[in-house]
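Right, one structure below, let's go through it.
Nothing fancy with the numbering, it's 1 onward along the sequence.
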Amino acid sequence: MTSDAQAPVKLSLPLQFQQDIFNELREEDELVLLARGLGLLRIVTNLLHSYDAAGNNLILIVGADDRENVWIGEALAEHAAISNASKCRGLSLVNTDLMSVGTREKMYKQGGMFSITSRILIVDFLSGLLNPETVTGMVVLHAERVVATSLEAFIIRIYRQKNSAGFLKAFSDTPEPFTTGFAPLTHMMKNLFLQKPALYPRFHVAVANSLEGRKKAEVIELEVPMTEAMQDIQNAVLACVEASISELKKANPGLEVEDWTVDSALHKNFDQIIRRQLDPVWHRTTFKTRQVVRDLSLLRTILHALLTYDAVNFNKYLDTVLAASQPPPGSTKQNQSPWLFLDAADTIFTTAKRRVYAGKMSNVELANISNAVPESLQPVLEEFPKWTQLAEILQEIEQDAYFNPTPQDSSNGSTLIMCGDQGTASQLREYLQTMYVKPEGVNEEDEDEYEPSAKVMMRRKLRNYLTWKRDFSKVSAALFSENQKAINTSTDRNVQSGMRQTSGKPPPNKRRRMRGGGNAAAGPSRSDTGAVRTAGDRDTHIASLMAELEPTEIETAQKSGDVGFDPLNNMESYYELFNMDSMVIVHPYSGDLDEHILEETKPRYVIMYEPDAAFIRRIEVYRSSHTDRTVKVFFMYYGGSVEEQRYLSAVRREKDAFTRLIKERANMALTINSTANLAPEEAFLRTINTRIAGGGRLAATTEPPRVVVDVREFRSSLPSLLHGRSMVIVPCMLTVGDYILTPQICIERKSIRDLISSFTNGRLFNQVESMMEHYKHPMLLIEFDQNKSFTLEPFTDYSTVASGKDSGLAGAPDLQGKLVMLTLAFPRLRIIWSSSPYQTAEIFAELKKSQDEPDPLKAVQLGLDPNQIGDDMQVRSFNQTSQDMLRALPGVTENVVTTLMLKSESIAEVANMDEREVCWLVGTDAGRRIHRFFNRSVYEEVGIGGFT
């Protein structure tokens with residue numbers, strides 16, 4: 001550490017627990033697992049700066065995304081300027097293939113900090129462009145992603161094989177993935193080649209002392225009650241979610257369904273949890289189950305939209321949901337989403353409409369009179385309760401600033417409003433800009449008593465909505481007319497083919513028994529347009545509302561660009577800096593970058609429009625780091641809402657995850673020598689094959705088996721698993737095939753999705769043709785996902801293009817049919833079926849037994865040089881079309897095709913041979929049939945009299 005002593009490094013870690021973590025990391029390699037919001041990137045950048053200031057280092061950063069790269073780059077530059085360290089070189093990005101190999105090699109030799117994408121780094125390691133022994137150390141971000149089959153685990157394994165002296169630090173602020181499965185922390189440590197995990201939850205003693213020991217931030221918690229309509233919609237959506245989950249449980253009794261509850265449905269990963277459990281049996285699930293899974297995702301989106309979209313936009317969103325749920329041509333009611341037929345669904349749609357406008361719009365009136373104008377149709381335009389609360393808070397802040405004009409600290413007088421996403425941010429900006437604009441009818445005398453309101457904004461939104469609705473109804477009508485034509489066509493076709501016309505009703509044995517005994521049962525019925533329920537917006541309704549909503553003079557005078565305008569977007573045109581004391585900044589949550597926002601704006605007031613546990617901790621860290629700044633926090637949430645429940649659930653899940661990790665760490669087995677058995681090819685003599693039977697050969701070698709892999713294949717986990725089976729991976733840019741196992745065996749690997757798309761665009765045919773031309777044993781590997789069903793059934797739907805034509809022999813063949821046609825076209829092609837990448841690695845190991853190793857240079861040249869052919873190719877390449885024509889002849893086998901291709905120049909020559917010559921070449925029986933085929937008269941079966 002002499003270089004450190006010569007150039008003192010200035011760090012920006014004001015809190016004690018941050019300094020503890022930094023000192024631990026400098027002393028030994030470990031995995032740091034930090035609670036969200038405690039400043040993980042700040043610790044990482046300080047650690048990197050301490051190495052950067054020392055100079056003469058080559059340090060690799062793995063797993064950083066684009067925004068983190070920007071953060072780290074800026075922070076390192078800032079640290080270098082403050083420390084005045086001459087040896088600092090900052091961060092270099094290697095994140096694109098456009099950077100040439102020579103440029104990368106030169107950069108690696110010069111050293112420095114490099115943030116590299118995993119795919120580029122693994123290829124550079126394997127190709128020898130970057131020698132792992134020259135790397136000083138590696139920093140791994142997002143350690144929760146380092147699973148056994150990931151590229152990051154592959155990189156760390158190679159790094160540790162070749163370099164046991166370099167340091168390795170791993171970081172994560174997401175503890176939940178470390179708690180799923182059996183001994184997850186042990187497996188993760190094994191993948192990371194680390195021995196010590198350091199856990200820092202919020203309840204850690206050092207963290208608690210650092211954040212609570214000093215003057216804490218003042219937090220005012222505001223529980224905002226939801227309106228009655230919002231409460232009704234939320235309860236109705238939750239009822240639909242509960243019904244959908246119980247339907248799923250009923251349909252899948254063999255699965256573990258303890259986690260399938262309404263509480264867990266609020267968690268953002270609920271969709272993945274259900275799909276992960278259903279994937280292995282997805283091909284056996286019914287259409288209804290798949291539909292319910294899709295419905296659950298939609299209902300969760302509606303639940304989120306209820307609390308973030310205003311009343312008009314929420315109603316607009318529900319209109320699109322209704323339009324999307326309209327039946328396809330010829331479908332019956334049973335094919336529609338089950339939740340749409342619940343009473344709760346009716347509550348959702350009617351209450352959402354009631355929040356926007358009110359009037360007497362009974363279904364009976366709408367059914368009987370198509371152009372009925374309601375007696376009274378008035379805009380209601382319900383506002384969010386949080387908007388009023390926000391206006392009150394801002395008034396309180398103004399009063400506070402008025403009575404205390406000179407602050408006693410270094411904070412700005414600015415106000416920071418944090419919300420969930422960019423859409424909410426623009427909504428709040430628009431509200432804040434228009435809340436004091438008076439609509440027509442407010443007298444000048446009442447101006448002082450006029451309360452802030454969103455009336456102007458909501459009226460504008462409703463006008464836009466009604467214009468959209470009018471256009472939307474025209475599009476829907478046009479689409480429905482197409483649907484109706486398709487239904488009529490299919491019905492006519494059924495009648496012509498002798499089928500009984502049922503006038504749109506299901507067969508008698510399939511009809512459901514309904515309450516009341518009749519077909520016209522209670523509940524939503526489908527209209528003529530095929531919709532489950534009518535939206536209730538006839539043209540006359542829209543016309544009457546538009547007349548009601550004519551823009552006032554004030555609204556007309558306001559420019560459209562002024563509404564929802566973000567003043568920071570075009571800052572240069574103002575030619576001056578904003579006065580921060582009166583600044584109100586609206587910003588969405590953006591992870592670790594929120595720390596930047598707090599540091600730059602130095603707000604005195606923070607309004608959390610939506611709850612976020614990580615941001616609360618960031619404010620705690622910010623306040624504890626700057627004792628000279630006071631921060632007043634207003635924390636808003638809807639009482640009794642899913643928003644509150646989701647927040648509490650997220651905090652509880654994180655706490656439970658850390659508790660489980662602490663227990664596992666206490667009982668975790670310690671790997672004493674993690675570098676043992678890393679290079680097994682050095683430990684013993686590898687025997688290729690001990691069986692000599694069947695013409696085999698006995699050979700032994702210390703050289704490990706070698707596989708040539710196309711560089712584009714490193715997106716998959718297979719190269720990592722092959723390397724784990726002690727095979728040397730040689731990455732090359734291959735023209736023919738994906739994996740070259742031996743000089744004769746070439747394999748094209750396809751996942752199911754890739755296989756379907758390759759068949760669709762015809763790419764697979766060309767790939768197989770080039771393999772047939774250059775290799776003796778071309779093979780097509782069809783690899784399934786490890787966690788999904790090992791069957792083609794779920795994918796048959798994707799292979800056929802849905803069209804209005806009859807499905808039958810004339811239609812597009814399914815996936816199995818296309819595979820059969822491929823094997824008929826290329827008889828030498830072998831197909832390998834693999835249930836997972838693990839099984840593929842085993843198959844490759846079996847195929848390589850007692851075989852020569854491939855030559856990477858030859859593998860790259862094949863396909864580039866048109867005159868070059870593969871080793872041991874008994875026949876040179878022939879025209880594929882001519883081969884297909886020969887195979888179509890009667891009596892022709894594969895041996896006959898080979899003989900004819902070798903002994904004749906063209907099909908014309910074969911056609912002109914006499915019978916004796918053909919029989920001499922291919923045998924008497926086959927020769928006679930071929931000669932008879934070519935010399936048969938075309939007039940034999942058609943009478944000549946027919947032409948005269």
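- Taken from CE in M189 to CZ in F178, the straight-line distance is 9.0 Å, to the nearest 0.5 Å.
- Of all non-hydrogen atoms in G737 and C746, the two that sit nearest each other are CA-SG, 3.6 Å.
- Proximity of a side-chain donor or acceptor of R660 to a complementary backbone N or O of E176 within less than 3.5 Å is not detected.
- At least one donor-acceptor pair under 3.5 Å links the side chain of N163 to the backbone N or O of P132.
- For D738 (side chain) and I747 (main-chain N/O), no donor-acceptor pair under 3.5 Å exists by modelled atom type.
- A 4.5 Å side-chain heavy-atom check between L192 and I156 finds at least one atom pair inside the cut-off.
- A salt bridge links D754 with R763; the closest basic N to acidic carboxylate O contact falls under 4.0 Å.
- The aromatic ring centres of F193 and Y159 sit 6.0 Å or more apart.
- Proximity of a side-chain donor or acceptor of R294 to a complementary backbone N or O of S297 within less than 3.5 Å is not detected.
- Salt-bridge check for E783 with K750: failed, with every basic side-chain N at 4.0 Å or more from each acidic carboxylate O.
- Within the 4.5 Å cutoff, side-chain heavy atoms of L299 are placed close to those of S244.
- Considering all non-hydrogen atoms of both residues, P837 and L718 come closest at O-CD1, 3.6 Å.
- In this structure, the side chains of P778 and Q767 stay at 4.5 Å or more apart for every pair of heavy atoms.
- The backbone N or O of L129 lies less than 3.5 Å from no partner atom in the side chain of D124, so there is not a single donor-acceptor pair.
- Contact annotation: the side chain of R830 never approaches that of H777 to less than 4.5 Å [non-hydrogen atoms, C-beta and beyond].
- Using a 4.5 Å cut-off on side-chain heavy atoms (C-beta onward), S716 and R749 make contact.
- Checking side-chain atoms of K848 against main-chain N and O of L741 turns up a donor-acceptor pair under 3.5 Å.
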Query raised in the report: Can you check side-chain contact (heavy atoms from CB on, under 4.5 Å) on L734 and V709, steps first, answer last?
Result: CA-CA 8 Å; L734 296 179; V709 182; over 6 Å; no

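- Looking at V707 and V728, their side chains never come closer than 4.5 Å, going by heavy atoms from C-beta outward.
- For the atom pair L781 CG and E748 CD, the distance stands at 9.5 Å (nearest 0.5 Å).
- Sequence neighbours left out, the pairs with a member in residues 723-745 that pass ring pair (Phe, Tyr, Trp, His ring centres under 6.0 Å) are F154-H723, Y739-F844.
- Residue Q861 holds its CD atom at 11.0 Å from NE2 of H774, rounded to the nearest 0.5 Å.
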Query raised in the report: Between L780 and L822, is a side-chain contact (heavy atoms from CB on, under 4.5 Å) present by the stated rule, with each step listed?
Result: CA-CA 11 Å; L780 173 66; L822 186 73; 3.9 Å; yes

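- In the displayed structure, D66 atom CG is contacted under 6.0 Å by at most 12 heavy atoms of other residues, nucleotides or ligands.
- With hydrogens and angles disregarded, no donor-acceptor distance shorter than 3.5 Å links the side chain of E769 to the backbone of F765.
- The two residues S720 and A148 come nearest to each other via the heavy atoms OG-O, 4.1 Å.
- In this structure, S150 and V147 approach most closely via the heavy-atom pair OG-O, 2.7 Å.
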Requested in this report: Could you walk me through whether V293 and L248 pass side-chain contact (heavy atoms from CB on, under 4.5 Å), step by step?
Outcome: CA-CA 8 Å; V293 170; L248 268 183; 4.0 Å; yes

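- Side-chain atoms of E152 and S118 form a donor-acceptor pair, as typed in the model, at a separation below 3.5 Å.
- Between L819 and I782, some side-chain heavy-atom pair lies under the 4.5 Å cut-off.
- Remark: the backbone N or O of L764 is not paired with any side-chain donor or acceptor of S758 at under 3.5 angstrom.
- Using a 4.5 Å heavy-atom cutoff, the side chains of V123 and P731 are in contact.
- Remark: the backbone N or O of R706 is paired with a side-chain donor or acceptor of E853 at under 3.5 angstrom.
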Requested in this report: Kindly indicate, with the supporting measurements, whether the criterion side-chain contact (heavy atoms from CB on, under 4.5 Å) is fulfilled by I831 and T823.
Outcome: CA-CA 9 Å; I831 295 181; T823 50; 3.6 Å; yes

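- A donor-acceptor pair under 3.5 Å links the side-chain atoms of S904 to the main chain of L900, judged by distance alone.
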Query - Audit row: S172, R145, side-chain hydrogen bond (donor to acceptor under 3.5 Å, both in side chains) steps and yes/no - result: CA-CA 9 Å; S172 175; R145 299 177 188 164; over 6 Å; no

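- At a cut-off of 3.5 Å, with distance as the only test, a side-chain donor of T840 or S834 sits close to an acceptor on the other residue.
- Residues satisfying the side-chain contact (heavy atoms from CB on, under 4.5 Å) criterion with E664, sequence neighbours excluded, are A183, P184, L185, T186.
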